[in-house]
Amino acid sequence: CVRSASCTSGWRRSGRCQARLAHFLLDPPICLSGPAAMLRVLVVESSRERAADVCAALALAGHQVAAVLSSAMDLSDQVLATKPDVIFIQADSPSRDTLEHLATMNRDCPRPVLLFSQDSDSAMIRRAVKAGVSSYVVDSVSAERLDSLVEVAIAQFEEFQILRAELDDANRKLSERIVVDKAKGLLMKARGLDEEAAYHALRKLAMERGRKLADVARDVVDMASLLL
């Protein structure tokens with residue numbers, strides 16, 4: 001099947017499991033009792049047998065399997081290509097490479113990540129969460145709990161994204177304040193102004209140029225570094 005070739009990276013297109021994967025990728029069953037919102041799920045599972053079971057559980061829950069990968073090697077590229085809502089990973093114990101690829105994906109194109117593992121080591125769980133795992137489940141996949149676990153992963157991911165945005169905003173404001181203070185100091189020294197007059201001079205220049213105060217302050221600092 002041509003359309004399922006890219007969704008089974010690392011596997012040969014043969015055998016019963018491959019046929020089952022192709023079936024759930026291209027013709028998912030209709031679920032009357034599932035959630036109202038169908039999610040696109042990218043599955044990462046090295047075992048074809050277990051991947052087929054995961055795809056079946058997701059399809060029966062009313063979700064669409066966007067892609068199936070045998071490893072996380074090309075995770076970021078696959079996320080950009082398939083645009084999944086959730087990433088589902090099942091591994092006996094997440095490898096170092098898997099966590100590194102997860103961290104890269106979480107930096108470049110973050111998505112909710114639900115990881116099932118048999119490894120209950122607290123250090124491993126912390127490394128996985130640090131790499132971007134939204135929900136780490138020490139258990140095997142249970143079709144009955146799948147929807148609630150996916151919802152938890154999405155909720156935790158959204159909360160983390162809010163915190164990340166707030167942190168980024170706080171860091172940006174701090175950086176802007178530092179550069180404005182530095183520019184004020186340069187104007188105070190060069191023109192003999194007090195702090196308030198230096199601030200008003202920067203603000204006036206920003207208004208005249210139609211630019212942000214921090215951008216104008218950065219220009220002043222850059223210009224001073226060239227002259228000194």
Side-chain angles (χ1 to χ4, degrees), residues 6 36-42 44 64 66-67 69 72-87 89 96-115 126-136 150-228:
S6 63
M38 180 181 71
L39 300 173
R40 287 174 53 80
V41 184
L42 189 154
V44 180
Q64 178 185 1
L69 308 179
M73 182 178 300
D74 300 320
L75 186 57
S76 293
D77 290 341
Q78 289 292 336
V79 168
L80 292 173
T82 62
K83 297 178 174 56
D85 300 304
V86 181
I87 297 172
I89 300 176
R96 179 178 177 180
D97 286 345
T98 295
L99 296 183
E100 288 179 353
H101 290 304
L102 265 176
T104 300
M105 183 274 299
N106 188 50
R107 180 196 65 206
D108 298 338
C109 45
R111 292 292 192 281
V113 178
L114 176 59
L115 192 150
R126 286 194 295 270
R127 287 196 297 271
V129 171
K130 185 177 180 180
V133 171
S134 308
S135 184
Y136 188 109
V150 168
E151 289 178 7
V152 168
I154 293 174
Q156 291 179 336
F157 170 80
E158 291 175 345
E159 184 65 24
F160 178 79
Q161 291 303 113
I162 291 174
L163 293 175
R164 172 188 272 184
E166 291 175 349
L167 178 60
D168 290 344
D169 185 58
N171 288 334
R172 177 186 57 79
K173 289 180 179 178
L174 177 60
S175 177
E176 290 179 351
R177 181 175 178 178
I178 290 173
V179 75
V180 168
D181 286 344
K182 190 171 183 179
K184 285 192 302 182
L186 290 169
L187 289 178
M188 291 166 66
K189 183 177 180 180
R191 298 185 181 180
L193 303 175
D194 60 21
E195 184 176 358
E196 184 176 357
Y199 175 78
H200 283 298
L202 282 174
R203 186 177 180 184
K204 180 181 178 182
L205 186 58
M207 292 177 65
E208 290 175 349
R209 296 184 178 181
R211 302 180 63 195
K212 292 176 59 178
L213 179 63
D215 293 338
V216 171
R218 194 170 290 109
D219 289 344
V220 171
V221 173
D222 291 343
M223 183 64 67
S225 66
L226 292 174
L227 297 176
L228 297 178

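None of these values were measured; they are calculated from a predicted model.
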TODO: Begin from the C-alpha positions of Val41 and Leu114 and carry the test side chain to side chain contact (heavy atoms under 4.5 Å, CB included) through to its verdict.
DONE: CA-CA 10 Å; Val41 184; Leu114 176 59; over 6 Å; no
Just wondering, do [Y] and [X] contact through their side chains at under 4.5 Å, heavy atoms?
{"X": "Leu102", "Y": "Ile89", "result": "yes"}
{"X": "Leu163", "Y": "Leu167", "result": "no"}
{"X": "Val44", "Y": "Thr98", "result": "no"}

Kindly compute the distance separating [atom1] ([X]) from [atom2] ([Y]), expressed to the nearest 0.5 Å.
{"X": "Lys204", "Y": "Met207", "atom1": "NZ", "atom2": "CE", "value": "10.0 Å"}
{"X": "Leu75", "Y": "Met73", "atom1": "CG", "atom2": "CE", "value": "11.5 Å"}
{"X": "Arg127", "Y": "Tyr136", "atom1": "CZ", "atom2": "OH", "value": "9.0 Å"}

Excluding sequence neighbours, so at least two apart, what forms side-chain contact (heavy atoms from CB on, under 4.5 Å) with [X]?
{"X": "Ala197", "answer": "Leu193, Asp194"}
{"X": "Ala183", "answer": "Leu202, Ala217, Val220, Val221"}
{"X": "Arg211", "answer": "Arg209, Asp215, Val216, Asp219"}
{"X": "Asp168", "answer": "Arg164"}

A quick test of your reading: do over 12 heavy atoms of other residues, nucleotides or ligands sit less than 6.0 Å from [atom1] of [X]?
{"X": "Glu208", "atom1": "CD", "result": "yes"}
{"X": "Arg172", "atom1": "CZ", "result": "yes"}
{"X": "Met188", "atom1": "CE", "result": "yes"}

Taking every non-hydrogen atom, the tightest pair across [X] and [Y]:
{"X": "Ala198", "Y": "Leu187", "answer": "O-CD1, 3.8 Å"}
{"X": "Ala214", "Y": "Val180", "answer": "CA-CG2, 4.1 Å"}
{"X": "Ala66", "Y": "Arg40", "answer": "CB-NH2, 3.4 Å"}

Open item on the list: Which residues pass the salt bridge (charged side-chain N to carboxylate O under 4.0 Å, His left out) test with Glu158, not counting sequence neighbours?
Closed with: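 By the salt bridge (charged side-chain N to carboxylate O under 4.0 Å, His left out) rule, Glu158 matches no residue at all.
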Task: Val113 backbone acceptor or donor facing Ser134 side chain under 3.5 Å - done: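 It does hold such a pair.
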TODO: Using modelled atom types only, decide if a donor and an acceptor are shared between the side chain of Arg218 and the backbone of Val179 within a distance under 3.5 Å.
DONE: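 Checked: no pair found.
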Open item on the list: Would Tyr199 and Leu213 count as a side chain to side chain contact (heavy atoms under 4.5 Å, CB included) here? Give the steps.
Closed with: CA-CA 10 Å; Tyr199 175 78; Leu213 179 63; 3.6 Å; yes
Task: Pairs meeting criterion side-chain hydrogen bond (donor to acceptor under 3.5 Å, both in side chains) with involvement of residues 99-114, two or more places apart - done: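 Listed once each, the pairs are Arg96-Glu100.
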